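Counting starts at 1 for both ligands and their atoms, following the listed order. Scope of the values below: all heavy atoms of this structure, side chains included, with no hydrogens, waters or symmetry mates. Just so we're clear, the structure is a prediction, and the values are computed from it rather than from any experiment.
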Amino acid sequence: MPIPAFRRITLAAAAVAVATALVATSSAVAAPGSPGSPRYSPGAEGAGDPYFPLAGNGGIDVVHYDLDLDYTPPAPAPAPLEGTLNGVATIDLVATADVDRFNLDLRGLTASKVVVGGKSMAFEQTANELVITPRPKLKTGQSATVVVTYGGTTTRPTDIEDALYGWVTTRDGAMVVSEPDGSATWFPVNDHPTDKSTYSYEITVPEGLTAVANGLLVGSQTADGRTTWTWDAPDPMAAYLATATVGRFELRQYTAANGTPIIDAIDVTRTAGQVGSLARTSDMLVFFEDRFGPYPFVSYGAIVDNDSVGYALETQTRSFFSTSAAENTVAHELAHQWMGDHVSPERWADIWLNEGWATYASWMWREHRGTSSTATLFTGVMNRSATSSTWSTVLADPGPLGIFGTAVYDRGAALLHALRGELGDADFFALATEWVARYGGGTATTADFIALSEEVSGQDLTEFFRVWAYEPTKPTVW
Ligand code: TRP
Ligand code: ZN
């Protein structure tokens, strides 16, 4: 046994050191009070996602967001493209740890008041975090209502790849699409898919403009030249799928063949050619229900805006399209409602489970329509040169700058087509429906998908997934 270091120092000094250590130890034990009582500590500043370390937070789980937003778009050009947003977010949450402090994500807007349990609380803001100090402290499992009053000037925020996202100010309103971590640009939020919540909205805008959010339209009321649009979204939703898009929209409401109420919001400047494919929505709902199981939400519909973020997004129950809605994209975003929205990625590294499925769904739709075939589209991907990023990317770990790369979409879809060949149609579609049934309403990982594929098929798929999902090379045998 080695001689402890303190035996080499003088007895007097050692005595002091021991006494100090005892004081420190006994005070640490005594700090929270009697044995078994809570030991409070601050909630983490992130949910633990390696790609986006500040996204989400530790120590809390949000149950419901009620977002009361008041928004005024920019004045006509040449005024700057900046709007004014004032919000009151009423957030029902549950503590998941004994917390003396917890964070919400908020970026670019300023909080002026934070109330917890009816009382004003101390808070601080850093670039991405709203740091709240609740008193009394929150015990694990305890519910609390947090009311944040906040606001500021809205701009045109960009994501890690410089693509527009979040609350994107437009001349006539705002395009609100927040994947992966842009919700913090418009409300205080636990901005990670592992915390799904229900939402309600009251969005007040100048009369003549329409505010379009997720779920069902409850109604609108106009007073003093401003209209308040009330929406209710009762299906648990990841924050990146929330929207509160504002513009000059015509609302078109009907019921799809499967019974789902549809609310499309079409910018008044759109031509029939730009939105004609939306007429296929009803047929697509029936088609995807056959493959993925019942449509999981209270409503569906599209937003087609006149400005562009350069991509479409599967905002839950109300997919967003920039300038026009092409048929393949309409199919892609609709399929995301099952694959991505109802079953969401546990970590952003798992995003191929969203994009691979949505891409493969659009391949199946094209085959159904007779415009291409899944075999042809698969061959097209496999014919890409060995040096393509489709093959040099590790599908299940594409890196934060690779989450919207071609590998995630096309190699993901090719994996699913190859898996279908391996399993046969019966097991493949049993896998698809069981995936949605088992993980719907929550999140899942690549490991969960592999495990379920093996469970449904009874096959050992270790080698298959190794070459398809974990190797930075083109699969040749599997
Ligand atoms: N998830 C969107 C889709 O595939 C795409 C998306 C979101 C995107 N943000 C992006 C694509 C940024 C390119 C750049 O439907
Ligand atoms: Zn997609």
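Legend: protein N/O/S atoms lying under 2.8 Å from the Zn ion (ligand 2), waters omitted, number 3.
At the top of the distance list for atom 1 (N) of ligand 1, counting protein heavy atoms only, stands Glu179 OE1, 2.6 Å. Protein heavy atom closest to atom 12 (C) of ligand 1, with residue, atom name and distance, is Phe404 CD1, 3.5 Å. From the protein, the heavy atom lying nearest to atom 2 (C) of ligand 1 is Ala312 O, 3.3 Å.
Taking the six-membered ring where the residue is Trp, the centroids of Trp167 and Tyr71 are separated by under 6.0 Å. Aromatic ring centroids of His64 and Tyr199 lie 6.0 Å or more apart. Proximity of the aromatic rings of Phe187 and Tyr65 is defined here by a centroid distance below 6.0 angstrom, and this criterion is met. Taking the ring centroids of Trp338 and Tyr439, they lie at or beyond the 6.0 Å cut-off. Note: Trp365 and Phe287 meet the aromatic proximity criterion, with ring centroids under 6.0 Å apart. A ring-centre distance under 6.0 Å is found for Phe428 and Trp357.
Using bins of under 30°, 30° to 60° and over 60° for the plane-to-plane angle, the ring pair Tyr300/Tyr295 lands in the perpendicular bin.
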Apply ring pair (Phe, Tyr, Trp, His ring centres under 6.0 Å) to the pair Tyr240 and Trp348, showing each step before the final yes or no.
CA-CA 12 Å; Tyr240 76 94; Trp348 285 108; 4.9 Å; yes

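Comment: Asp305 does not engage Arg248 in a salt bridge, judged by the lack of any side-chain N to carboxylate O separation of less than 4.0 angstrom.
Of the candidates Tyr360, Trp468, Phe449, Phe449 is the only one forming a side-chain contact (heavy atoms from CB on, under 4.5 Å) with Leu419.
Using a 4.0 Å cut-off between heavy atoms, Pro180 makes no contact with ligand 1 at all.
Residue contact check for ligand 1: Tyr409 places a non-hydrogen atom closer than 4.0 Å to it.
At a 3.5 angstrom cut-off on N or O pairs, Glu161 does not count as close to ligand 1. Looking at His332 next to ligand 1, an N or O pair under 3.5 Å apart turns up.
Residue Glu333 has at least one heavy-atom neighbour below 4.0 Å for each of these atoms of ligand 1: 3 (C), 15 (O).
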